[in-house]
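In what follows, chains carry the letters A, B, and so on, assigned in the order in which the sequence lines appear, proteins first and then strands, with residues in each chain numbered from 1. Side chains are part of it too, since the values below use all heavy atoms of this structure and drop only hydrogens, waters and symmetry mates.
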Number of protein chains: 2
Amino acid sequence: MRERNLAVVLEQVVHCQPVTRARLAEQTGFTKTTVSNLLAVLESAGLVQDGALVQGGERGRPGIAVSVNGDGAAALGLEINVDYLAACVLDLGRRTRYHQLVTFDNRGRPPEAVISSLGRLAAEAVAAAAGQGLLVAGATVAVPGLLDRENGLVRRAPNLGWTDVPVSTLLRDALPDLPIPATHDNEANLAALAELWFGDGARHGGFIHVSGEIGIGAGIVMDGQVLRGAHGFAGELGHLVVEPGGAPCTCGGRGCLEQFAGQDAILRAAGLPAVTATTAAKPDGPIRALLDLLEHSDQRALAALDGAGRALGATLASAVNLVDPGAIVLGGIFSPLASWIRPAVEAALGEGSGSLRTAVPPVVASELAGNAAVLGAAGVVIERVIGHPALLLPS
Amino acid sequence: MRERNLAVVLEQVVHCQPVTRARLAEQTGFTKTTVSNLLAVLESAGLVQDGALVQGGERGRPGIAVSVNGDGAAALGLEINVDYLAACVLDLGRRTRYHQLVTFDNRGRPPEAVISSLGRLAAEAVAAAAGQGLLVAGATVAVPGLLDRENGLVRRAPNLGWTDVPVSTLLRDALPDLPIPATHDNEANLAALAELWFGDGARHGGFIHVSGEIGIGAGIVMDGQVLRGAHGFAGELGHLVVEPGGAPCTCGGRGCLEQFAGQDAILRAAGLPAVTATTAAKPDGPIRALLDLLEHSDQRALAALDGAGRALGATLASAVNLVDPGAIVLGGIFSPLASWIRPAVEAALGEGSGSLRTAVPPVVASELAGNAAVLGAAGVVIERVIGHPALLLPS
DNA sequence: CTATTTAATCCATACAGTTTACTAATATGG
DNA sequence: CCATATTAGTAAACTGTATGGATTAAATAG
């Protein structure tokens with residue numbers, strides 16, 4: 001019971017950053033006494049701290065500004081990707097306190113080796129955080145693949161070449177011991193959550209975050225949660241069919257969106273070499289080249305993006321009709337390409353979605369660029385701490 | 001706090017129907033004393049009742065079977081539809097205790113008139129329930145149209161001819177006063193929930209319920225809840241585009257699924273007269289005629305269903321990739337037509353959904369036929385009573 | 001300098017669930 | 001047939017947690 005009430009108060013503090021105890025009492029419905037008591041507990045756990053005096057009304061005693069303690073607990077986000085490993089530490093004030101990206105060609109490396117490298121990165125991050133007076137409360141790992149979260153497995157991570165890898169146990173062994181046990185989640189889901197927590201996704205009530213990488217995934221966020229589906233495979237936007245009977249896709253189908261708007265397809269249409277195992281080692285390389293062409297108004301490149309945008313918009317129209325998002329957020333490679341791809345996306349979206357709804361949802365570019373997944377991973381830990389502050393109590 | 005614990009115990013009773021106090025204590029984590037106390041409260045509210053003795057283990061004192069009181073509280077489900085009004089009363093044991101369907105051509109009738117007719121139907125139902133010793137706890141109304149639930153409006157109900165009707169206030173005036181305030185919801189959503197609660201939708205973890213009527217809607221159920229979307233417009237399966245640039249649709253788009261698998265489209269393809277305002281008055285009339293043709297293996301009718309099934313399957317493939325349901329449930333007119341339409345649906349579904357997932361979700365026919373929406377409406381009330389039993393306490 | 005307004009805290013009380021002990025009802029086994 | 005083990009349920013004392021009203025603290029208005 002106290003556990004829940006601690007969470008209620010802490011959530012309110014987080015959302016209204018500097019608040020007085022009196023205002024918290026109003027908003028939570030607790031009495032001022034109760035709020036004071038709960039805050040005392042949270043303060044002893046290092047989660048909140050008193051600040052300066054604040055003049056609330058016209059006159060009367062000023063209140064004490066309570067805010068989240070940015071130097072207490074911290075969250076560790078980790079990311080395994082095809083060509084790099086990344087770690088970041090966020091404090092409860094959502095400021096980045098540490099960020100590290102190590103390029104690493106993880107293709108074909110045994111999972112154990114990859115995860116022990118990740119463990120070293122995590123240890124460094126925890127040490128760096130400790131050096132800043134921060135206590136890392138927990139960690140979440142972003143993985144690029146289909147997960148079976150119930151059994152703690154990576155079912156398939158095609159780009160890493162992993163199949164049925166027991167990440168859960170591997171992570172338990174490799175990561176440092178933290179108060180809150182480590183979790184892992186799909187990269188696309190975490191990127192979408194990052195948009196919710198750190199981008200401006202929260203303003204739209206639910207949105208679809210399209211994360212274009214080598215494939216095209218989507219994270220569907222509704223009511224502050226990711227839509228996972230019955231088996232955790234929801235959001236496979238890249239395999240919606242654009243052209244029935246079209247070009248064969250790696251998924252076994254034909255005419256999938258990925259064949260029209262995947263990274264390789266766009267590059268090929270723009271006359272650039274497709275990404276291969278060797279050229280991919282340099283991140284952003286191929287997209288950089290594409291941007292150069294676009295900035296010089298290369299006709300072929302512009303046409304490539306128009307085509308990709310139309311295909312993307314057409315499938316998004318289906319998604320809009322089914323899921324009714326408040327916005328479409330373009331993430332991953334579509335984020336830097338947004339200026340060029342958005343017009344076609346919006347056009348196709350407008351044609352394909354019925355007139356029953358008043359307006360087509362806005363299409364916006366993500367501001368988080370490539371860091372979305374790690375940020376989202378750290379965000380999961382922050383949300384967990386805020387939702388279950390009792391986990392960090394000095395027992 | 002007690003409120004929550006009452007709900008926990010009651011939910012457990014509902015799910016394990018005849019249970020002893022000792023077993024409830026194990027399952028909920030409360031002590032036996034607490035369970036006894038909470039049950040005493042629930043019993044005084046008429047929600048549960050003690051039954052016969054039950055021999056739990058090998059030996060020892062037999063426990064008292066506690067079960068939901070089928071003669072205490074009851075739920076009233078109401079439905080407004082184009083050509084009828086319906087009401088049904090379910091007890092907490094989910095048995096139908098009263099059911100009434102009045103044909104009524106509601107097209108064009110002023111909303112006030114329709115709702116006051118509904119009010120009379122509701123009053124009769126409450127009286128009938130009282131005659132059986134049941135106390136109606138609350139009511140929910142199924143409405144065929146797009147709702148703005150926040151403001152209590154029917155935004156648009158094309159088949160009724162309603163626009164921006166303030167149902168919330170109209171219902172408050174027309175319905176009898178009940179302990180739990182009346183709510184309303186979309187017909188398709190409620191039908192999907194009925195499948196979850198009264199059909200076998202619960203076995204699949206999340207499903208898509210396709211409700212074919214004059215249009216085609218879908219209710220997406222995930223984690224025991226309907227996916228509503230940012231504006232409550234989710235599930236517009238009927239307006240996913242099957243053939244870009246195809247036949248114009250009432251929604252303003254082109255080549256929508258409704259143009260291939262809507263009731264009118266199927267009837268036309270089968271050589272039957274389309275449904276008009278006059279012929280629709282006889283419910284099931286046109287579908288009955290179609291079934292006759294199908295049962296006599298009429299080639300044109302069979303081909304019509306094959307075509308409709310392929311179109312439906314193709315759009316469902318998109319839905320499967322996006323939402324990853326555990327099953328597809330065919331409801332509304334597709335339920336009686338299931339035997340003929342399912343093969344084509346499954347075929348198209350198999351072609352269009354990638355091989356990343358292990359298997360295509362099963363396509364099953366709903367067993368609830370036309371009553372799904374009313375049942376779902378009553379189910380909402382039951383869920384509400386079970387989730388908030390404190391609302392019915394003798395204060 | 002006093003009255004007033006607002007913020008935060010102190011102390012006694014009530015509520016709700018746990019603990020511990022006890023009674024009730026059945027089966028096993030000598 | 002009676003003692004014992006076993007399981008179900010109840011009763012009384014105990015503990016933690018929030019509430020309510022009174023109290024102290026700090027500012028402004030006059």
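No donor-acceptor pair under 3.5 Å is formed between the side chain of B:Arg94 and the backbone N or O of B:Ile382.
D:dA26 atom C1' lies 11 Å from atom CD1 of A:Ile64, rounded to whole Å. A:Arg21 places its CZ atom 16 Å from the P atom of D:dT19, with the value rounded to the nearest Å. The CG-P distance, from B:Asp50 to D:dT10, rounds to 8 Å in whole Å.
Around the CG atom of A:Asp173, the shell of radius 6.0 Å holds more than 12 heavy atoms that belong to other residues, nucleotides or ligands.
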*What does nucleotides 17-25 of chain C look like as a protein-contact string, B for base, S for sugar-phosphate only, - for none, at under 4.0 angstrom between heavy atoms?*
SBB----BB

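Considering only residues two or more places apart in sequence or on other chains, A:Arg384 meets the salt bridge (charged side-chain N to carboxylate O under 4.0 Å, His left out) condition with none of them. Shown here are the side-chain hydrogen bond (donor to acceptor under 3.5 Å, both in side chains) partners of B:Thr31, two or more places apart in sequence or in another chain: B:Thr34.
Electrostatic pairing of A:Arg97 and A:Asp71 counts as a salt bridge here, judged by a charged N lying under 4.0 Å from a carboxylate O.
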